Asker: 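Structure incoming, see below.
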Amino acid sequence: PNVKPAGAVVAAPSPPLTPAIHGAMQAGQTIVYVLDCSGSMGEFGKLTLARAALVSTLRRQPGEVRFQVLAYNSTARPVLPGGCVPATPANIASAETALANLKASGKSNHVEAVRAAVALRPDVIVLLT
């Protein structure tokens, strides 16, 4: 039976199985992730894998890093309100919730997505497609 005696030590949750895209950025840096949500990303679980890798990456960022995620298909839209936000636990949790609600549909407009990312003037842009 799957019964643990009272006082049994419960192991901490295991780290995410999906590897991060990159390690922690330096304090003060700004990064924009551009996530393709077009219909082709629905094939073979590509959107699910990209989302998991992005969440794993966000969880590794210090609070002094600013970030935004732009989801795009035919149009690009931020998943969080405003521009780039600090990588606080609350902002990362909000991004995770928004990412979980994304569905793959439509055609991709890479040019609009990259232009929207550049307009935020980040230090780094990561394109996930």
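Side chains are part of it too, since the values below use all heavy atoms of this structure and drop only hydrogens, waters and symmetry mates. Nothing here was measured: the structure is a model prediction, and the numbers come from that model.
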Asker: Of all heavy-atom pairs between Ser56 and Pro19, which one has the smallest distance, and what is that distance?
Answerer: OG-C, 4.0 Å
Asker: Just distance, no hydrogens or angles: give the donor-acceptor pairs under 3.5 Å from side chains in residues 84-91, sequence neighbours left out.
Answerer:
| from | atom 1 | to | atom 2 | distance (Å) |
| --- | --- | --- | --- | --- |
| Thr88 | OG1 | Asn91 | N | 3.1 |
| Thr88 | OG1 | Asn91 | ND2 | 3.3 |
| Asn91 | ND2 | Pro86 | O | 2.8 |

Asker: What distance separates Leu54 CG from Thr18 OG1, expressed to the nearest 0.5 Å?
Answerer: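 That separation rounds to 11.0 Å.
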Asker: Is a side-chain donor or acceptor of Arg77 paired with a backbone partner of Thr75 at a separation under 3.5 angstrom?
Answerer: yes
Asker: Do side-chain atoms of Gln68 reach the backbone of Ile31 as a donor and acceptor pair under 3.5 angstrom?
Answerer: no
Asker: Grab the two heavy atoms, one from Glu64 and one from Ala27, that are nearest each other, plus how far apart they are.
Answerer: CB-CB, 3.6 Å
Asker: Are Tyr33 and Leu102 in one and the same hydrophobic cluster, where Ile, Leu, Val, Met, Phe, Trp and Tyr link if side-chain heavy atoms are under 4.5 Å apart?
Answerer: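 Per the 4.5 Å side-chain linkage, Tyr33 and Leu102 are co-clustered.
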Asker: Under 3.5 Å, side chain of Gln29 to main-chain N/O of Phe67, donor-acceptor pair present?
Answerer: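 Side chain of Gln29 to backbone of Phe67: no pair is present.
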Asker: Please report the C-alpha distance between Leu99 and Leu35 in whole Å, then the side-chain angles of each, then the deciding distance to 0.1 Å, and finally whether the side chain to side chain contact (heavy atoms under 4.5 Å, CB included) criterion is met.
Answerer: CA-CA 10 Å; Leu99 288 167; Leu35 177 61; 3.7 Å; yes
Asker: Is the CD atom of Glu43 crowded by more than 12 outside heavy atoms at less than 6.0 Å?
Answerer: yes
Asker: Side chains of Val124 and Val32, heavy atoms from C-beta outward: is any pair under 4.5 Å?
Answerer: no
Asker: Rounded to the nearest 0.5 Å, what separates atom NZ in Lys103 from atom SG in Cys37?
Answerer: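 That separation rounds to 10.5 Å.
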Asker: Only pairs under 3.5 Å count here: list side-chain donor-acceptor contacts from residues 108-119, not counting sequence neighbours, and write none if there are none.
Answerer:
| from | atom 1 | to | atom 2 | distance (Å) |
| --- | --- | --- | --- | --- |
| Ser108 | OG | His110 | NE2 | 3.3 |
| Asn109 | OD1 | Val111 | N | 3.4 |
| Asn109 | OD1 | Glu112 | N | 3.1 |
| His110 | ND1 | Tyr72 | OH | 2.7 |
| Glu112 | OE2 | Ala76 | N | 3.1 |

Asker: Just verifying a value: how many Å separate Met41 CE and Thr48 OG1, rounded to the nearest 0.5 Å?
Answerer: 9.0 Å
Asker: Looking at side-chain heavy atoms only, is the closest gap between Val79 and Asn101 below 4.5 Å?
Answerer: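 Not touching, per the 4.5 Å side-chain cut-off.
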Asker: Side-chain heavy atoms under 4.5 angstrom apart, residues restricted to Ile, Leu, Val, Met, Phe, Trp, Tyr: same cluster for Leu120 and Leu58?
Answerer: no
Asker: Are any of the side-chain heavy atoms of His22 and Met25 separated by less than 4.5 Å?
Answerer: yes
Asker: Just by distance, with hydrogens left out, do Asn73 and Ser38 show a side-chain donor and acceptor under 3.5 Å apart?
Answerer: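 Side-chain D/A pair, Asn73 to Ser38: absent.
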Asker: So do Thr30 and Val65 actually touch side chain to side chain, heavy atoms under 4.5 Å?
Answerer: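 In short, these two side chains do not touch, never coming nearer than 4.5 Å.
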Asker: I'd like to know if the side chain of Thr57 and the backbone of Ile21 have a donor-acceptor N/O pair within less than 3.5 Å.
Answerer: yes
Asker: With side chains defined as the heavy atoms from C-beta onward, is the minimum distance between Val34 and Leu128 less than 4.5 Å?
Answerer: no
Asker: Linking I/L/V/M/F/W/Y whenever any side-chain heavy atoms sit under 4.5 Å apart, do Leu70 and Ile125 land together?
Answerer: yes
Asker: Apply salt bridge (Lys or Arg N to Asp or Glu O under 4.0 Å) to the pair Arg51 and Glu96, showing each step before the final yes or no.
Answerer: CA-CA 8 Å; Arg51 216 180 353 229; Glu96 284 185 54; over 6 Å; no
